[in-house]
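Just so it is clear: chains get the letters A, B, ... in the order the sequence lines come, proteins before strands, and each one is counted from 1.
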Amino acid sequence: MTDEPLVLGIETSCDETGVGIVRGTTLLADALASSVDLHARFGGVVPEVASRAHLEAMVPTMQRALDEAGVTLADIDAIAVTSGPGLAGALLVGVAAAKGYAVAAEKPIYGVNHLAAHVAVDTLEHGPLPKPAIALLVSGGHSSLLLVDDLAGGVVPLGSTIDDAAGEAFDKVARLLGMPFPGGPPIDRAARDGQATIAFPRGLTAAKDQAAHRFDFSFSGLKTAVARWVEARERSGEPVPVNDVAASFQDAVCDVLTAKAIAACRQHGVDTLVIGGGVAANSRLRAMAEERAAKVGITVRVPRPKLCTDNGAMVAALGSHLVAAGVRPSRLDLPADSAMPLTLVSV
Amino acid sequence: MLVLVLDTSTPAVTAALADVTPTGHTVLAELRTVDGRAHGELMAPEIDEVLRKSDATVRDLAAIVAGTGPGPFTGLRVGLVTAASMGQVLGIPTYGVCSLDAIGGVPGQVTLAATDARRREVYWAVYDQSGARIEGPHVDVPDAVAHQAMVAVGDGALKYADRLGVKVLDEPRYPVVDAFVRLAAERIRAGAPSEPLTPLYLRRPDAVAAGGHKPVLQ
Ligand SMILES: [Zn+2]
C-alpha cells in the first residue's frame, strides 16, 4: 500500500495549531498545539492571541508530526492547508507556512476547506464514505448540515446557523452558570447529574420555519431563554438547579441538531450520518443521534473526540483524498479566505 | 553564499536574493510589490520568481534573513513564518533584522525612521550620524516621536510629514534589501546559530477579559 499518497495537513483556522500526516487513509501523525488556555479569561477565542500562538507553535508542531510519522518533508507527496473558513489572521499563518514548506520542499500545495476536512477525517477511522452522506458539523465556530456526494467534487450546504454556533451557545450558557470556557465539557458533565425538566425553546422547528429554514439552526433565542429562566430564579431568591438547567439546555440543542440531521438524511434518501466538530464530543448528542438514527435505519459515524475537534489530520485526510482523486494542486498565490464557501472544497 | 531576504513589515512585500562573499555582498534579484492587504498571496510567488530570475533553486540557499518588524501584525507574520518554515525544511539558519534598521539612518544626520502603524500611529526609531540606532523601536502618535532628528525617512514619516517638524526624504520609503543583507552579513559569514524569528509587535493584542453576564430581564 506504499503507493498511496503521503500527505501532510496544516490547520490554523481557530485556536489549534495542527499538523497531521496520513498515507492514504492511514493516520501516521497528529501533532497539536492549543492556545485554548490563553483565551479562557476572555471567554472566547481572541483572534490576535490565536495568531501569535500559531506563529510560535508552527515549527515545533511540524517537527513533532514529522518525528511521530518517522518521515521528512522530502518524503511527502503533497501539503494540504486549511485555506478557510476561519479567523483571517490565524488562517494566514498556516497558509503562509504551508507555502514556505511547499516552496522549500518543492512539493504541490492544496488549499482546502476546513468544513470538508471535518467530514474527511472520518475516513481515517471508518474508511471511505458512502455516496452520498449527510454531515452534521457542530463546534464553537460552525453549525452546518451538508450533503456530501464526493468530497473531491462537491459538498452541498443544506443549512447552517442563522446566529450563534452550537458550541458558542454552550460557551455562553456555561458562563451564565459560572462554568469555565470552553463550555461544552462542563455542561456535559453537569447534565449527567441533572434532569431535562425545563422546556427551553427549539429554534427554527416551528411549522412556519419549515419553508425557509428547514435545515437551518438558531441558538440565540435558546441562550436568551436560559438566561431569563436563571435570572428569574435568582430574583425570586430560589437556588438555581444548575445541573437541571445544563441538562435541559443540552437536550434542547441536541434535539434540534439530531432531528434536523435525520430529517435531512430521510429527505435525501441517505443512510449515513457523519457528525464532526468539537460538539460531536458531547455525550448526549452522540447518544441521541444514535438512538434516533437506529429507529429509521440510519448509520451514525462519529470519529473519536481528538479527530472531531480541529486538527491537522483532518486537513491531511482531505488532501489525501484530493490527491488520490487527481484534483489539481492550488497555485502559490492561494489566499486565506475567512469566508470560504462550501462549494469550494479546494482552491 | 546565496541568501534569501524576506520582509513583510510594511505594504512593500519584499523577496530578494543576495550573494554574500567573505568581503562583501551583492543583491542579485529583488521583487517588491506594494499592497498592504495581500502579503499572504504575494510572498511565495515572489520567492519563486527571484529564484528563477537568478537561475537558482531553494537548495542553493545558505541562509534566510527576515525583517522582524515592527509592522502591522497580520502581514508581518507572513514573512516570518515563511522564513521559519523554509529554514526548517532546508536546514539552514534564519536571522532576524529589525525592519526599521533596514530603512535606517541617513549618513551624517540624526535620522528618524518611521513606518505606518495604522490607527494614526507610526512605528519609529532614531539613528545617530553613524547609523547606529539610539532610540526605539517604539509605536506612538506622530506628534510624540523623538524630535532630536534632523531628517526623517519611511512611509510613516511621509504620511505624517506635516506633523513631524523635520525634513522628510522621499527615499528610502520602505526597508532596503541591501541593508538587510549588510546587517546580517557578519552572522551569515560566521555561520552563527539560527535565530528564532520573533516579531517586534510593540502592541498587546486587543482583548478585554470577559466581564460578568449582562442581564436580559428588564
Ligand atoms: Zn472546525
Side-chain angles (χ1 to χ4, degrees), chain A residues 10 38-44 46-52 54-56 58-60 62-63 66 72-74 88-89 91-107 109 172 175-178 181 223-228 230-232 234-235 331-336, chain B residues 4 6 8 15 33 37-51 57-59 61 64 66 72-92 94 194 196-199 201 203-218:
Chain A
I10 297 173
L38 300 176
H39 307 286
R41 74 191 172 95
F42 303 110
V46 181
E48 176 60 20
V49 171
S51 300
R52 290 183 182 197
H54 286 309
L55 177 62
E56 279 178 38
M58 195 66 247
V59 166
M62 172 62 68
Q63 199 55 55
L66 292 171
T72 69
L73 274 154
L91 286 167
L92 191 51
V93 176
V95 169
K99 291 180 186 181
Y101 289 121
V103 168
E106 299 171 287
K107 304 294 182 186
I109 185 171
K172 288 175 178 170
R175 192 158 122 210
L176 178 78
L177 297 175
F181 171 86
K223 171 197 71 191
T224 308
V226 175
R228 279 177 188 279
V230 168
E231 278 175 42
E234 283 168 343
R235 287 197 186 178
R331 289 162 31 148
L332 263 186
D333 63 354
L334 78 102
Chain B
L4 178 67
L6 305 177
T8 55
T33 312
R37 313 214 70 86
H39 294 82
E41 284 91 328
L42 294 167
M43 180 89 283
E46 281 188 4
I47 296 169
D48 227 27
E49 177 87 30
V50 288
L51 285 165
T57 78
V58 281
R59 280 159 284 151
L61 295 175
I64 302 173
F73 311 150
T74 303
L76 177 60
R77 279 188 285 263
V78 168
L80 294 176
V81 83
T82 305
S85 55
M86 290 186 71
Q88 183 180 18
V89 176
L90 299 169
I92 58 176
T94 55
S194 188
L197 299 173
T198 308
Y201 285 122
R203 282 182 184 139
R204 301 167 69 84
D206 285 328
V208 281
H213 161 72
K214 281 200 288 310
V216 291
L217 292 181
Q218 295 304 305

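Within the 4.5 Å cutoff, the side chain of Ser85(B) has no heavy atoms near those of the Met62(A) side chain.
If you take CD on Glu106(A) and OG1 on Thr57(B), they are separated by 5.5 Å, rounding to the nearest 0.5 Å. Distance CG/Leu92(A) to CD/Glu41(B): 7.5 Å, rounded to 0.5 Å. Rounded to the nearest 0.5 angstrom, Arg77(B) CZ and Arg52(A) CZ are separated by 6.5 Å. To the nearest 0.5 angstrom, Thr74(B) atom OG1 is 11.0 Å from Leu91(A) atom CG. Note: Thr82(B) OG1 to Tyr101(A) OH = 10.5 Å, rounded to the nearest 0.5 Å.
A pairwise comparison of heavy atoms in Ala96(A) and Val81(B) identifies CB-CG1, 3.5 Å as the closest pair. Pairing each heavy atom of Val89(B) with each of Ala104(A), the nearest pair is CB-CB, 3.7 Å. Of all heavy-atom pairs spanning Leu332(A) and Pro45(B), the tightest one is O-CD, 3.7 Å. Closest approach of Pro205(B) and Glu48(A) over heavy atoms only: CB-CG, 3.6 Å. In plain terms, the two heavy atoms of Leu55(A) and Pro199(B) that are nearest each other are CD2-CG, 3.3 Å.
Neither the backbone nor the side chain of Ala336(A) comes within contact range of chain B, judged by heavy atoms closer than 4.5 Å. Only the side chain of Val58(B) comes within less than 4.5 Å of a heavy atom of chain A; its backbone N, CA, C and O stay farther away. Proximity to chain B (any heavy atom under 4.5 Å) is shown, for Val59(A), by both the backbone and the side chain. Heavy atoms closer than 4.5 Å to chain B are found in both the backbone and the side chain of Gln63(A). Proximity to chain B is absent for every atom of Arg331(A), based on heavy atoms less than 4.5 angstrom apart.
Most heavy-atom pairs under 4.5 Å with chain B, from the set Leu66(A), Thr72(A), Val93(A), Leu334(A): that is Val93(A). Contact tally against chain A (heavy-atom pairs below 4.5 Å) for Arg59(B), Met43(B), Arg204(B): the top residue is Arg59(B).
In this structure, Arg37(B) has no side-chain hydrogen bond (donor to acceptor under 3.5 Å, both in side chains) partners at least two apart in sequence or on a different chain. With sequence neighbours excluded, no residue forms a ring-ring contact (aromatic ring centres under 6.0 Å, His included) with Phe181(A).
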* Asked: After noting the C-alpha distance and the side-chain angles of Val103(A) and Met86(B), does the key distance pass the side-chain contact (heavy atoms from CB on, under 4.5 Å) rule?
  -> CA-CA 8 Å; Val103(A) 168; Met86(B) 290 186 71; 4.0 Å; yes
